[in-house]
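As the structure is a prediction and not an experimental result, all values here were calculated from the model.
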Amino acid sequence: MAGNSFGDIFKITTFGESHGAAIGVILDGCPPNIQIDEEFIQSELDKRKPGQSKITTQRKESDTAQFLSGIFEGKSTGTPIAIVIPNEDQRSKDYSHIMDKFRPSHADYTYQMKYGIRDYRGGGRSSARETAARVAAGAIAKLFLKQYGIEIFAHVSGVGTIESPNLNTSDLKTLLELRESNIARCADPATANEMIDFIDGIRKDGDTVGGRISTIIRHVPVGLGEPVFDKLHADLAKAMMGINAVHGFEYGSGFEGSQLKGSEHNDIFAFENNKIITHSNYSGGIQGGISNGMDITFKVAFKPVATIMRDQPTLNLLQEETTISGKGRHDPCVVPRAVIIVEAMTALVIADHLLKQRTYKNV
């Protein structure tokens with residue numbers, strides 16, 4: 001199976017399955033002498049782990065990271081960093097009823113046809129459980145970016161038809177506190193309460209719902225990204241589209257920008273406080289595939305979780321018509337736990353591009 005690695009210089013390779021002994025990641029290319037705060041890394045994993053609240057899956061995993069290599073006396077050594085996260089609460093029997101059936105909108109059918117074999121226990125490699133490994137590596141990327149003053153903030157900006165109002169993003173620390181004050185991980189408390197009630201109702205109905213996550217990256221230096229195939233926004237899009245259940249990505253003005261005229265959409269340059277800025281930011285901090293020093297903004301859309309607790313028609317391995325219903329423990333809405341995954345993949349992209357930029361000049 002190809003496609004288990006991500007990044008060019010700051011590069012990760014993940015391994016493991018949902019119901020195997022463990023999942024993990026090998027991070028190569030991390031510079032030496034980065035302060036590795038293991039408590040911070042664990043706190044990031046805690047934001048993604050299952051069983052957090054009534055609106056997430058009730059699978060109980062501590063997601064305790066075990067650091068095997070690449071760290072000495074609290075700092076990175078420059079050698080590959082290996083992290084293992086044991087699986088503790090597998091209930092493989094919850095999936096025995098689908099061993100010969102294809103779940104609608106899951107990877108069951110495509111995996112079976114591509115490889116001729118599939119691990120039906122929780123989806124195996126296709127399970128979102130794999131993303132815990134990305135979060136661990138992304139936490140190290142955040143520690144690397146910290147020395148550049150780069151901040152990353154994401155929150156749940158929409159669930160179903162519920163939409164958060166535009167936030168005042170001048171103080172990301174306060175927004176982070178607001179986000180972590182509620183189980184929906186929305187930085188607007190009133191909207192968060194509405195989202196929680198809605199998701200809980202969906203859960204009780206045996207159904208699921210999708211949502212949106214909005215992200216801002218602050219203090220990115222000018223010059224990250226390449227003008228042709230390795231555009232910064234293209235790499236961010238690839239990172240986000242590689243997350244389970246993601247169905248859409250837009251940056252800056254996104255699809256709404258297509259409704260504007262050039263005279264309305266152009267970001268006008270100005271020189272303020274000894275640096276070049278733009279009065280507006282429809283470009284989302286990226287122009288020509290290269291960061292321009294303004295805040296980088298993007299939004300990610302997640303589909304409803306495919307497993308629902310209702311009978312649905314489907315086919316089995318013999319191409320016979322049958323029915324299927326979800327069993328076990330599943331998220332009614334994935335976005336509250338996906339916030340930290342979005343931040344992790346964002347950090348991995350920015351860290352990789354910072355190291356690439358070092359080949360041109362010191363940043």
> Are Val334 and Met241 in one and the same hydrophobic cluster, where Ile, Leu, Val, Met, Phe, Trp and Tyr link if side-chain heavy atoms are under 4.5 Å apart?
Replying inline: yes

>> If we count only N and O atoms by modelled type, under 3.5 Å, do the side chains of Arg310 and Ser325 hold a donor and an acceptor together?
In response: no

> Quick one: which of Thr174, Asn168, Thr169 gives a side-chain hydrogen bond (donor to acceptor under 3.5 Å, both in side chains) with Asp171?
Replying inline: Thr174

>> Looking at Arg185 and Pro336, would you say the former's side chain and the latter's main chain have a donor-acceptor pair under 3.5 Å?
In response: yes

> For Lys54, does its backbone N or O pair with a side-chain atom of Arg203 as donor and acceptor, under 3.5 Å?
Replying inline: yes

>> Under 4.0 Å between a side-chain nitrogen and a carboxylate oxygen: does that hold for Arg337 and Glu44?
In response: no

>> Quick check for you: to the nearest 0.5 Å, what is the distance between Glu264 atom CD and Ser280 atom OG?
In response: 11.0 Å

> If Ile, Leu, Val, Met, Phe, Trp and Tyr residues are connected whenever their side-chain heavy atoms lie under 4.5 Å apart, and connections chain through other members, are Ile296 and Leu355 in the same group?
Replying inline: yes

>> Are Ile23 and Leu68 linked, directly or through intermediate hydrophobic residues, by side-chain heavy-atom contacts shorter than 4.5 Å (ILVMFWY only)?
In response: no

> For the residue pair Tyr109 and Phe102, is the inter-centroid distance of their aromatic rings smaller than 6.0 Å?
Replying inline: yes

> Between Arg103 and Ile324, is there a donor-acceptor pair closer than 3.5 Å when you use the side chain of the first and the backbone of the second?
Replying inline: no

>> Between Ser214 and His155, do the side chains contain a donor N or O and an acceptor N or O under 3.5 Å apart?
In response: no

>> Can a donor-acceptor pair be found, under 3.5 Å and without considering hydrogens, that links the side chain of Asp352 to the backbone of Gly7?
In response: no

> Looking only at heavy atoms, what is the nearest atom pair of Ile83 and Ile140, with distance?
Replying inline: CD1-CD1, 3.9 Å

> What's the shortest heavy-atom distance between Phe6 and Asp235, and which atoms?
Replying inline: CZ-O, 4.5 Å

> So, Thr323 versus Gln312: side-chain donor-acceptor pair below 3.5 Å or not?
Replying inline: no

>> Can a side-chain donor-acceptor contact be found between Thr297 and Asp295 if the only test is distance below 3.5 angstrom?
In response: no

> How long is the gap from CE on Met240 to CE on Met345, to the nearest 0.5 Å?
Replying inline: 6.0 Å

> For residues 266-281, which residue pairs qualify under salt bridge (charged side-chain N to carboxylate O under 4.0 Å, His left out), counting only residues two or more places apart or in two chains?
Replying inline: none

> Can we say Lys142 and Glu343 salt-bridge, meaning some charged N sits less than 4.0 Å from an Asp/Glu carboxylate O?
Replying inline: yes

> Given Asp28 and Ile81, is the side chain to side chain contact (heavy atoms under 4.5 Å, CB included) satisfied, shown in steps?
Replying inline: CA-CA 7 Å; Asp28 204 359; Ile81 298 174; over 6 Å; no

> So, the side chain of Asp230 versus the backbone of Glu226: is there a donor-acceptor pair under 3.5 Å, distance only?
Replying inline: no

>> Nearest 0.5 Å, please: how far is CD1 in Ile152 from CZ in Arg218?
In response: 12.5 Å

>> Taking the basic N atoms (NZ, or NE/NH1/NH2) and the acidic carboxylate oxygens, is any pair closer than 4.0 Å for Asp119 and Arg121?
In response: yes

> Just wondering, more than 12 heavy atoms not from Leu260 lying within 6.0 Å of its CG?
Replying inline: yes

> When His353 is tested against each of Leu232, Leu348, Ile9, Ile290 for side chain to side chain contact (heavy atoms under 4.5 Å, CB included), which residue passes?
Replying inline: Leu232

> Are the side chains of Ile217 and Ile150 in touch, meaning some heavy atoms are under 4.5 Å apart?
Replying inline: yes

>> For a quick test of reading the model, state the closest non-hydrogen atom pair linking Pro80 to Ile26 and the distance between them.
In response: CB-CG2, 4.0 Å

> NZ of Lys146: more than 12 outside heavy atoms within 6.0 angstrom?
Replying inline: no

> Does CG in Leu318 sit with more than 12 non-hydrogen atoms of other residues, nucleotides or ligands closer than 6.0 Å?
Replying inline: yes

> Stepwise, does the side chain to side chain contact (heavy atoms under 4.5 Å, CB included) test hold for Cys186 with Arg179?
Replying inline: CA-CA 5 Å; Cys186 174; Arg179 183 193 82 186; over 6 Å; no

> Ignoring hydrogens and geometry, is there a side-chain-to-backbone donor-acceptor pair from Glu250 to Phe255 under 3.5 Å?
Replying inline: yes

>> Going by salt bridge (Lys or Arg N to Asp or Glu O under 4.0 Å), Asp63 matches just one of Lys49, Arg129, Lys47. Which one?
In response: Arg129

> Is there a donor-acceptor contact under 3.5 Å from the side chain of Asn87 to the main chain of Ser18?
Replying inline: yes

>> A quick test of your reading: do over 12 heavy atoms of other residues, nucleotides or ligands sit less than 6.0 Å from CD of Gln35?
In response: yes

> Between atom CD1 of Ile340 and atom CZ of Arg134, what is the distance when rounded to the nearest 0.5 Å?
Replying inline: 14.0 Å

>> If you count heavy atoms of other groups shown closer than 6.0 angstrom to CE of Met113, is the number above 12?
In response: no

> What do the steps show when you test Phe10 against Cys30 for side chain to side chain contact (heavy atoms under 4.5 Å, CB included), and what is the final call?
Replying inline: CA-CA 6 Å; Phe10 200 97; Cys30 179; 4.0 Å; yes

> Do Ser76 side-chain atoms and Asn33 backbone N/O form a donor-acceptor pair below 3.5 Å?
Replying inline: yes

> ring-ring contact (aromatic ring centres under 6.0 Å, His included) with His265: which residues, sequence neighbours excluded?
Replying inline: Tyr282

>> Applying salt bridge (charged side-chain N to carboxylate O under 4.0 Å, His left out) to Lys173 and Glu180, what does each step give before you reach the verdict?
In response: CA-CA 11 Å; Lys173 182 179 179 180; Glu180 290 303 309; over 6 Å; no

> Can you list the other members of the hydrophobic cluster that holds Leu178, where links are side-chain heavy atoms under 4.5 angstrom apart?
Replying inline: Phe153, Leu167, Leu172, Leu175, Leu176, Ile216

> Under 6.0 Å from the CZ atom of Phe72, do we count more than 12 heavy atoms belonging to anything else shown?
Replying inline: no

> How many angstroms lie between CG in Leu236 and NZ in Lys238, if you round to the nearest 0.5 Å?
Replying inline: 12.5 Å

> Is the count of non-hydrogen atoms from other residues, nucleotides or ligands lying under 6.0 Å from Phe269 atom CZ greater than 12?
Replying inline: no

>> Around atom NZ of Lys11, are there more than 12 heavy atoms from other residues, nucleotides or ligands closer than 6.0 Å?
In response: no

> Which heavy atom in Leu143 sits nearest to a heavy atom in Ile36, and how many Å separate them?
Replying inline: CD1-CA, 4.0 Å

>> Regarding Gln112 and Asp108, do their side chains bring together a donor and an acceptor under 3.5 Å, going by distance alone?
In response: no

> Which heavy-atom pair separates Ala184 from Ile196 by the least distance, and what is that distance?
Replying inline: CB-CG1, 3.8 Å

> If you round to the nearest 0.5 Å, how far is CD of Glu38 from CD1 of Ile71?
Replying inline: 5.5 Å

>> If we ignore hydrogens and angles and just use 3.5 Å, is the side chain of Thr346 paired with the main-chain N or O of Val342 as donor and acceptor?
In response: yes

>> Counting C-beta onward and ignoring hydrogens, is there a side-chain heavy-atom pair between Pro165 and Thr191 closer than 4.5 Å?
In response: yes

>> Quick one, Met195 with Val156, criterion side chain to side chain contact (heavy atoms under 4.5 Å, CB included). Give me CA distance, side-chain angles, the key distance, then yes/no.
In response: CA-CA 9 Å; Met195 289 175 175; Val156 177; 3.9 Å; yes

>> Using a 3.5 Å distance criterion without hydrogens, assess whether the side chain of Arg125 forms a donor-acceptor pair with backbone atoms of Glu17.
In response: no

> Can you name the closest pair of heavy atoms from Ala270 and His279 and give their distance?
Replying inline: CB-NE2, 3.5 Å

